Amino acid sequence: MTTTAPAAVRPLTLGPHQVWPPVVLAPMAGITNVAFRRLCREQGGGIYVCEMITTRALVEKNPKTLRMIAFGSDERPRSLQLYGTDPEITAAAVRMVVERDLADHVDLNFGCPVPKVTRRGGGAALPWRHRLFARIVRGAVEAAAPAGIPVTVKMRKGIDDDHLTYVEAGLAAQDAGVAAVALHGRTAAQRYSGTADWDAIGTLKQALDVPVLGNGDIWEADDALRMVAHTGADGVVVGRGCLGRPWLFADLEAAFDARRAAGEAPGGIPATKPVLPDLGQVAAIMRRHAELLVEWFGGRWEPERDGCTDFRKHVAWYLKGFSVGSELRRSLAMISSLAELDDLLARLDPTEPFPTAVLGQPRGRTNSPGKVHLPDGWLADRDSAAVPAGAELDDSGG
């Protein structure tokens, strides 16, 4: 369904935080570390969420997890996503966030569709057990309340089209006191295939009083404006669309600024012109990204090698659509030093224009729909509030 959108978008309110533009970077495993978030923040405003942290790993003070909970000195609000399936462990993790002043905003992950999570009853499978879901959310909100830390929820439509949970779960989260609800307009069975159901986001928006954020198929800034106009959503969550394109956040800020400036003026959604960096400008951003990664890995034995190794996964995304030979691409994806990166980037044609054919195209993970792996008997008992056996993960990052 389509709702009637407000005449002008407004800042996103999350507890004491006023966020402009109303844009959230989705946590992505192995991607949204301190370096990538800083690179994106240099382009535009919004909330930039760190990689997913598991509640058990946090409570047990896992060294890798504690390292992942790192933020830039000027990063506000500090946004942390938690994954948990046990109400008591989730509450303990949030209390630890409060006591150690680890973050300013906590998001709860109920959207992960990967088999290792859903087969244990976690992620996108968990809202089916509505009483357990409500207990987890309420425990997190109560634990965060003394510090005034807003808690939000991110979820999918449901397990599959026959087991939709998003409206019921959204209402339960609202009753528990969350500051906002984000909906990825796909089921767990869809994974990252097909198109996102923006109508479902509109349905949720009409059902809730708290802010609703829309997620799914935002590849360009104009997609974000269309989603908000179509659904009435209070903001958007951007994931794969920014891979190899951190300047998307500059586009998003400009687009929302233009939409706010338009106010009630006739003419509908204002047209925006996307940032189209030439290959020389993309190379400069690639260099900046690698440099930030090396800086972030500074406490390790070989920070330059580790930072450059981590950068390798981004090369294909940055060069998507550009006329760069396979040998050079392969060499860039095997760098071990900044000097090596500089030498290879110098071989690119800096005047090559941005390949407009890739605009609006999916980036990152794409796959086919598939069966959702669930614990035995999971669908048979919706009312069980029992914690699924073995669902707590001891490794952060997804």
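No experiment lies behind these values; they were computed from the predicted model shown.
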Under a 4.5 Å side-chain heavy-atom rule over Ile, Leu, Val, Met, Phe, Trp and Tyr, are L344 and V315 clustered together? yes

How about CG on D383, more than 12 heavy atoms from neighbouring residues, nucleotides or ligands closer than 6.0 Å, or not? yes

Pair L183, M155 - check side-chain contact (heavy atoms from CB on, under 4.5 Å), show working. CA-CA 5 Å; L183 177 64; M155 59 187 182; 4.2 Å; yes

Before giving the answer on salt bridge (Lys or Arg N to Asp or Glu O under 4.0 Å), spell out for R138 and D175 the whole-Å C-alpha distance, their side-chain angles and the decisive distance to 0.1 Å. CA-CA 8 Å; R138 188 171 299 281; D175 289 345; over 6 Å; no

Any chance you could measure R56, atom CZ, to N62, atom CG, to the nearest 0.5 Å? 10.0 Å

Spacing of L82 atom CG and I69 atom CD1 [to the nearest 0.5 Å]: 7.5 Å

Parallel, tilted or perpendicular: which describes the rings of H163 and W128, with under 30° parallel and over 60° perpendicular? perpendicular

Same hydrophobic cluster for V23 and V237, using side-chain heavy-atom links shorter than 4.5 Å among ILVMFWY? no

Considering all heavy atoms of both residues, which atom of P150 and which atom of L14 are nearest to each other, and what is their separation? CG-O, 3.6 Å

Compare all side-chain heavy atoms of L243 with those of M28 and state whether any distance is below 4.5 angstrom. yes

Would a 4.5 Å heavy-atom cut-off, applied to side chains only, mark K61 and M96 as touching? yes

For the student: nearest non-hydrogen atoms of M227 and T231, plus distance: O-OG1, 2.7 Å

Enter the distance from D199:CG to L204:CG here, rounded to the nearest 0.5 Å. 12.5 Å

So, does D223 use its side chain to make a donor-acceptor pair with the main chain of E220 at under 3.5 Å? yes

Please examine the side chains of V24 and H105, heavy atoms only from C-beta on, and report whether any two atoms are closer than 4.5 Å. no

Could you walk me through whether R95 and E99 satisfy the salt bridge (Lys or Arg N to Asp or Glu O under 4.0 Å) test, starting with their C-alpha distance in whole Å, then the side-chain angles of each, then the deciding distance to 0.1 Å, before giving a yes or no? CA-CA 6 Å; R95 284 195 295 271; E99 292 165 1; 5.2 Å; no

Between R226 and W198, is NZ or CZ placed under 6.0 angstrom from the six-membered ring centre and within 45° of the ring axis? no

Might you point out which heavy atoms bring C308 and L338 nearest each other, and give the distance in Å? SG-N, 3.6 Å

Answer yes or no for R67 and W296: cation-pi contact, defined as NZ/CZ to six-membered ring centre under 6.0 Å and angle to ring axis within 45°. yes

If two hydrophobic side chains count as joined below 4.5 Å and joins carry through other members, does L252 share a cluster with I201? yes

Quick check against the 3.5 Å criterion: does K157 have a side-chain atom that pairs as donor or acceptor with the backbone of D197? no

Under the 3.5 angstrom rule, does the side chain of D217 hit a backbone N or O of A196 as a donor-acceptor pair? yes

I need the minimum non-hydrogen distance between G121 and P375, along with the two atoms involved. N-CG, 3.4 Å

From CG (L332) to CG (L345), nearest 0.5 Å: 5.5 Å

Could you tell me whether the side chain of L341 reaches within less than 4.5 Å of the side chain of E291, counting heavy atoms only? no

Is the CD atom of E42 crowded by more than 12 outside heavy atoms at less than 6.0 Å? yes

Please answer whether the main-chain N or O of A386 pairs with a side-chain N or O of R131 as donor and acceptor at a distance below 3.5 Å. no

Run the salt bridge (Lys or Arg N to Asp or Glu O under 4.0 Å) test on R382 and E168 for me, step by step, so that the C-alpha distance in whole Å, both residues' side-chain angles and the decisive distance to 0.1 Å come before the verdict. CA-CA 12 Å; R382 287 212 66 196; E168 179 185 37; 2.8 Å; yes

Against the six-membered ring of F249, is R38 placed for a cation-pi contact (under 6.0 Å from the centre, within 45° of the normal)? no

Member of I136, D86, I89 meeting the side-chain contact (heavy atoms from CB on, under 4.5 Å) criterion with V387: D86

Does some side-chain heavy atom of P77 sit less than 4.5 Å from a side-chain heavy atom of I47? yes

Transitively linked via ILVMFWY side-chain contacts under 4.5 Å: V97 with L108? yes

Testing the basics here: between A103 and L80, what is the closest heavy-atom pair and its distance to 0.1 Å? CB-CB, 3.8 Å

Would you verify whether the NZ or CZ of R363 falls within 45 degrees of the ring axis of W219 while also being under 6.0 Å from that six-membered ring's centre? no

Hey, which of V141, I149, V153, T90 is the one that makes side-chain contact (heavy atoms from CB on, under 4.5 Å) with V106? I149

Do R37 and C50 have side-chain heavy atoms sitting under 4.5 Å apart? yes

Within-4.5 Å side-chain heavy-atom neighbours: F36 and L292: no

Are H289 and H314 near enough that their ring centres are under 6.0 Å apart? yes

Taking the side chain from Q43 and the backbone from C40, do they hold a donor-acceptor pair closer than 3.5 Å? no

Can you give me the closest heavy-atom contact between V98 and A147, atom names plus distance? CG1-CB, 3.7 Å

Between I335 and V324, is there shared hydrophobic-cluster membership here, with clusters defined by ILVMFWY side-chain heavy atoms closer than 4.5 Å? yes

Do the rings of F354 and F322 sit parallel, tilted or perpendicular, given the 30° and 60° boundaries? perpendicular

With a 3.5 Å distance limit and no angle check, can you tell me whether R156 reaches the backbone of R191 through a side-chain donor-acceptor pair? yes

Going by the ring-ring contact (aromatic ring centres under 6.0 Å, His included) test, name the single residue among Y166, Y83, F133 that passes it with F110. F133

Flag, side chain of T118 to backbone of H373, donor-acceptor distance under 3.5 Å: yes

W317 and I31: side-chain contact (heavy atoms from CB on, under 4.5 Å), yes or no, with the steps? CA-CA 12 Å; W317 295 323; I31 304 294; 3.6 Å; yes

Should V282 and L348 be marked as a side-chain contact (heavy atoms from CB on, under 4.5 Å) after you check the CA-CA gap, both sets of side-chain angles, and the distance that decides it? CA-CA 10 Å; V282 171; L348 300 174; over 6 Å; no

Between Q281 and D278, is there a side-chain heavy-atom distance shorter than 4.5 Å? yes

Ignoring hydrogens and angles, tell me if any N or O in the side chain of R186 forms a donor-acceptor pair with the backbone of S193 under 3.5 Å. yes

Under a 3.5 Å distance rule, please check whether E75 uses its side chain to pair with a backbone N or O of F71 as donor and acceptor. no

Have T165 and H130 got a donor and an acceptor in their side chains that come within less than 3.5 Å? no

Can you tell me if E51 uses its side chain to pair, donor with acceptor, with the backbone of A29 under 3.5 Å? no

